[in-house]
Amino acid sequence: MAEKAKTVDGAAAGAGGGTASAAEPATGVEIVRRPHVENFIRWSADKPEVLVLTADLTNSCEVGKWRDTYPDRYFSMGMAEQNMMGFAAGLAREGFEPWLHTFAVFLYRRPLDQLLMSVAYPALPVRLIGFLPGVTTPGGVTHQAIDDLAVMRSVPNMTVLSTGDATEVESVLDVIHAQPGPVYVRMLRGEMPRLFPTDEPFELGKCRDLTPADSEDAEVLVLTEGICTEEALRALPVVREKGVGVRHLHISTLKPFDDPVVMEALAGKYAGIVTMENHLRTGGLGSAVAEVLADHGVGTPLMRLGLDDTYAHGASQKYLLAEYGLDAAALVQAVESAVGRTLGINEEDLSEVRVVDVHSSAKAEAL
């Protein structure tokens, strides 16, 4: 079972370089409350070109205190995302670096034409900070970004990132800032685990190899993104105890998708490859992996865990992950299918689930 969690307020941002550790982090050891709030304020202090634009979701996207700290660099655009996108493009052309903070669905659905023609086509440094990716919200279909990776991966000049824990939320800022063109990031908010050490920050185009150093030769390769990585860390230690070697890669860069470590892993010999993502099965991580396998003529069976051609509905994160086959138990079943044998693992064997309170004090609203 996982160690009992402790909750802390936002910690300092990770700094420096560093490479991913081979040690598998324990899930649930530390829960960080709203790491983006204070971290973004500190990070922005010496960057006067950084501006924040919101669309009537300031506190919901954790920049209320940023607005109060830098009022001359903050723009509230109201519920007019198309105008906000065009306004951001104009600011970028004048040498500013606009950071749009809103729910992910409002960055690529309503203002898609402005995103494509005004931002992506000229490759402007507009930063799209998308909150509530996938089923992290009980808000139902209007607020659940389940197709954002599919859309954004198809946009030329766009860099596409996904955060999986507090360390990545903190350290992704430097990665975004360094890109010359537009960047879209799936951002977590509220309370989240710290799965990765603060001295191992987010790095563009580099996965985290979470396979224990003493792991047996892998029969199965598992690739996860976002909140699904925490679920995988609940399941895979138990799977290994049952004698199945598993290599586990956490993916945080969805575009470009050319990490040499990932390419090497996908070319390996496994009974099966499993992808697990907080997104539709189509267009996201599973599709990116399938494209690589097809391009290189690799015939390893691929199982893609994700929403299967359906919209989700309003419910808690725990319920939705179980309902749509995105939790630890679903991953166990996928591994069993890949190796062709039953492992005899039940829910009680898995690490304790971290229940996400949709009305947490760390959130401004349930949505």
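Numbering of residues begins at 1 and proceeds along the displayed sequence. Please read these numbers as outputs of a predicted model, since none were measured by experiment.
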For E191, is there any backbone N or O sitting under 3.5 Å from a side-chain donor or acceptor partner on R33? no

Give a yes or no on whether a salt bridge exists between E219 and K269, defined as a side-chain N under 4.0 angstrom from a carboxylate O. no

For a 4.5 angstrom cut-off between non-hydrogen side-chain atoms, does V262 reach I251? yes

With a distance cut-off below 6.0 Å to the six-membered ring centre and an angular limit of 45° from the axis, does R208 pair with F196 as a cation-pi contact? yes

Is there a donor-acceptor pair under 3.5 Å between the side chain of Q82 and the backbone N or O of Q114? no

Salt bridge or not between D308 and R281? Use side-chain N to carboxylate O under 4.0 Å. yes

Check the pair H296 / E291 against side-chain hydrogen bond (donor to acceptor under 3.5 Å, both in side chains), numbers first and verdict last. CA-CA 9 Å; H296 293 84; E291 291 161 11; over 6 Å; no

For a 4.5 angstrom cut-off between non-hydrogen side-chain atoms, does H313 reach V141? no

Taking N278 for the side chain and C228 for the main chain, is one N or O donor matched with an acceptor at less than 3.5 Å? no

Quick one: does S44's side chain have a donor or acceptor within less than 3.5 Å of a partner on F40's backbone? yes

Checking side-chain hydrogen bond (donor to acceptor under 3.5 Å, both in side chains) against H101, which of H36, R67, E62, R127 comes through? H36

Member of E277, H248, E231 meeting the side-chain hydrogen bond (donor to acceptor under 3.5 Å, both in side chains) criterion with T224: H248

What I'd like to find out is whether the side chain of V172 reaches to under 4.5 Å of the side chain of M187, using heavy atoms alone. yes

Under 6.0 Å from the NZ atom of K65, do we count more than 12 heavy atoms belonging to anything else shown? no

Gap between atom OG of S171 and atom CD1 of I176 - 0.5 Å precision: 10.0 Å

Calculate, to the nearest 0.5 Å, the distance between atoms CG and OG1 belonging to L236 and T211 respectively. 8.5 Å

Using 0.5 Å steps for rounding, measure from the CG atom of L53 to the CZ atom of F96. 11.5 Å

Residues forming a side-chain contact (heavy atoms from CB on, under 4.5 Å) with A330, sequence neighbours excluded: D327

T54 pairs by side-chain hydrogen bond (donor to acceptor under 3.5 Å, both in side chains) with which of W99, Y74, W66? Y74

Are any of the side-chain heavy atoms of M158 and V183 separated by less than 4.5 Å? no

Going by atom types alone, do T167 and R194 pair a side-chain donor with an acceptor below 3.5 Å? yes

For the backbone of A150 and the side chain of D147, can you confirm whether one donor and one acceptor N or O come within less than 3.5 Å of each other? no

Should V37 and Y70 be regarded as members of a common hydrophobic cluster, given that ILVMFWY residues are connected when their side-chain heavy atoms come within less than 4.5 Å of each other, either directly or indirectly? no

What distance do D56 atom CG and M79 atom CE have between them, rounded to the nearest 0.5 Å? 6.0 Å

Less than 4.5 Å apart, side chain to side chain, heavy atoms only: is that true for T229 and I227? no

Measure up the F106 and H143 rings against each other and bin them: parallel (under 30°), tilted (30 to 60°), perpendicular (over 60°). perpendicular

dist L350:CG -> L233:CG (nearest 0.5 Å) comes out at 12.0 Å

Could you state the interatomic distance from OH (Y324) to CD1 (I146), rounded to the nearest 0.5 Å? 8.5 Å

Are a donor atom and an acceptor atom from the side chains of H177 and E97 found within less than 3.5 Å of each other? yes

Got a donor-acceptor contact below 3.5 angstrom from the N157 side chain to the A120 backbone? yes

Tell me every residue that passes side-chain contact (heavy atoms from CB on, under 4.5 Å) with N346, counting only those two or more places apart in sequence or in another chain. E348, D349

Would you say that more than 12 heavy atoms from the other residues, nucleotides or ligands in this model lie under 6.0 Å from the CG of D309, or not? no

Taking atom CD of E264 as the centre, report whether more than 12 heavy atoms of other residues, nucleotides or ligands fall under 6.0 Å from it. yes

